[in-house]
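Sequential numbering from 1 along the given sequence is applied to the chain's residues. Predicted model, so just to flag it, every value in this text is computed and none were measured.
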Amino acid sequence: MSALPEILLLSGSLRKGSTNEAVLRTALEVAPSVEVRAVLYDGLAGLPHFNPDDDAEPLAAPVAGLRAAIGQAAGVLICTPEYAGTLPGSFKNLLDWTVGGTEICDKPVAWVNAAAPGRGQGAEATLRTVLGYTGAHIVDAACVKLPVNHGAKGENGVLADPEARAQLAGVLAELAKAAAQA
């Protein structure tokens, strides 16, 4: 029996209990249904500010950990808020640390936009631009809008809505399919 493909989940939010993290925690729960192993990255707050002078060996431990997690994954799923029309600075910082490495190059990547209808396009556009610089393989079929209102999270911090859960399972399946074809 072969190992399940690993999908790394990256939240762009530092907010405790954020909607974006709830989406990714839900993805953790539904992953086994599509024979994927999902892993939630939790090092966003610990990354140093990006400085090109520091993008050399030996890398700071948090940066090396980020790149190792990306390198190990078969694909990456992002869920990030939009802040002031673009990505939050902390998440842009994470992406900046991926530009100098090769771990994300040609790796299947997708995102879930959990913002209210009509919102989040600035974050999506910035993701597409930055991921283009990294050489990531954007899986358009797995990039979805899944508006989540704050009341949609259950007490356990995940989404209970069966349609949302099914949509997330589909996203993971698309990423796994793209990874198998890579």
Side chain to side chain contact (heavy atoms under 4.5 Å, CB included) between Val148 and Asp161, worked out | CA-CA 10 Å; Val148 177; Asp161 177 47; over 6 Å; no

Residues Pro88 and Gly12: closest non-hydrogen pair is CG-O, 3.5 Å

Between Val139 and Ala178, which heavy-atom pair has the shortest distance, and what is it?
-> CG2-CB, 3.7 Å

Inspect the contact between Glu21 and Arg25 and indicate whether a charged nitrogen and a carboxylate oxygen are less than 4.0 angstrom apart.
-> yes

Check whether Leu44 and Val63 end up in the same hydrophobic cluster, where Ile, Leu, Val, Met, Phe, Trp and Tyr are linked by side-chain heavy atoms less than 4.5 Å apart.
-> yes

List for me each residue that meets side-chain contact (heavy atoms from CB on, under 4.5 Å) alongside Glu29, sequence neighbours excluded, and say none if there are none.
-> Asn156, Val158, Arg165

From CA spacing to verdict: side chain to side chain contact (heavy atoms under 4.5 Å, CB included), Leu127, Leu95 = CA-CA 9 Å; Leu127 276 172; Leu95 292 175; 3.8 Å; yes

Residue Glu35 excluded, over 12 heavy atoms near CD under 6.0 Å | no

Lys177 atom NZ: more than 12 heavy-atom contacts under 6.0 Å | no

Side chain proximity check, Ile7 to Arg37, heavy atoms < 4.5 angstrom = no

Indicate if Leu8 and Phe91 have the same hydrophobic cluster label, given that clusters are the connected sets of ILVMFWY residues with side-chain heavy-atom separations under 4.5 angstrom.
-> yes

Is atom OH of Tyr41 surrounded by more than 12 heavy atoms (other residues, nucleotides or ligands) closer than 6.0 Å?
-> yes

Is the CZ atom of Arg67 crowded by more than 12 outside heavy atoms at less than 6.0 Å?
-> yes

Please confirm whether the backbone N or O of Ala73 pairs with a side-chain atom of Lys107, one donor and one acceptor, at under 3.5 Å?
-> yes

So does Asp54 have more than 12 non-hydrogen atoms from other groups sitting under 6.0 Å from CG?
-> yes

Atom CD1 of Ile78 and atom SG of Cys143: how far apart are they, to the nearest 0.5 Å?
-> 8.5 Å

Of all the heavy-atom pairs spanning Ala123 and Pro81, show the shortest one and how long it is.
-> CB-O, 3.9 Å

Determine whether Ile138 and Leu94 fall in the same hydrophobic cluster, where Ile, Leu, Val, Met, Phe, Trp and Tyr are linked whenever their side-chain heavy atoms lie under 4.5 Å apart.
-> yes

Check each of Thr86, Asn113, Thr129 against Glu124 using the side-chain hydrogen bond (donor to acceptor under 3.5 Å, both in side chains) test, and report the only one that passes.
-> Asn113

What one should report as the nearest heavy-atom pair of Ala114 and Asn20 is CB-OD1, 4.2 Å

Rounding to 0.5 Å, atoms CZ (Arg119) and NZ (Lys145) come to a distance of 12.0 Å

Heavy-atom donor-acceptor pair, Lys153 side chain to Gly17 backbone, under 3.5 Å = yes

Shortest non-hydrogen separation from Glu103 to Gly101 and the atoms involved | OE1-CA, 3.4 Å

Please say which of Leu168, Leu10, Leu77 ends up in a side-chain contact (heavy atoms from CB on, under 4.5 Å) with Leu24.
-> Leu77

Taking a hydrophobic cluster as the set of Ile, Leu, Val, Met, Phe, Trp and Tyr residues connected by side-chain heavy atoms closer than 4.5 Å, whether directly or through intermediates, do Leu40 and Trp111 fall within one such cluster?
-> no

Passes side chain to side chain contact (heavy atoms under 4.5 Å, CB included), Val30 versus Gln167? Steps please.
-> CA-CA 10 Å; Val30 301; Gln167 192 169 11; over 6 Å; no

Is the backbone of Gly122 close enough, under 3.5 Å, to the side chain of Glu82 for a donor and an acceptor to pair up by distance?
-> yes

Distance-only, no hydrogens or angles: does the Asn93 side chain make a donor-acceptor pair with backbone N or O of Pro48 under 3.5 Å?
-> yes

Out of Val23, Leu9, Leu146, which residue meets the side-chain contact (heavy atoms from CB on, under 4.5 Å) rule with Cys79?
-> Val23

Do Trp97 and Val99 share a hydrophobic cluster (ILVMFWY, side-chain heavy atoms under 4.5 Å, transitive)?
-> no

For Leu172 against Ala27, the heavy-atom pair lying closest together = CD1-O, 3.5 Å

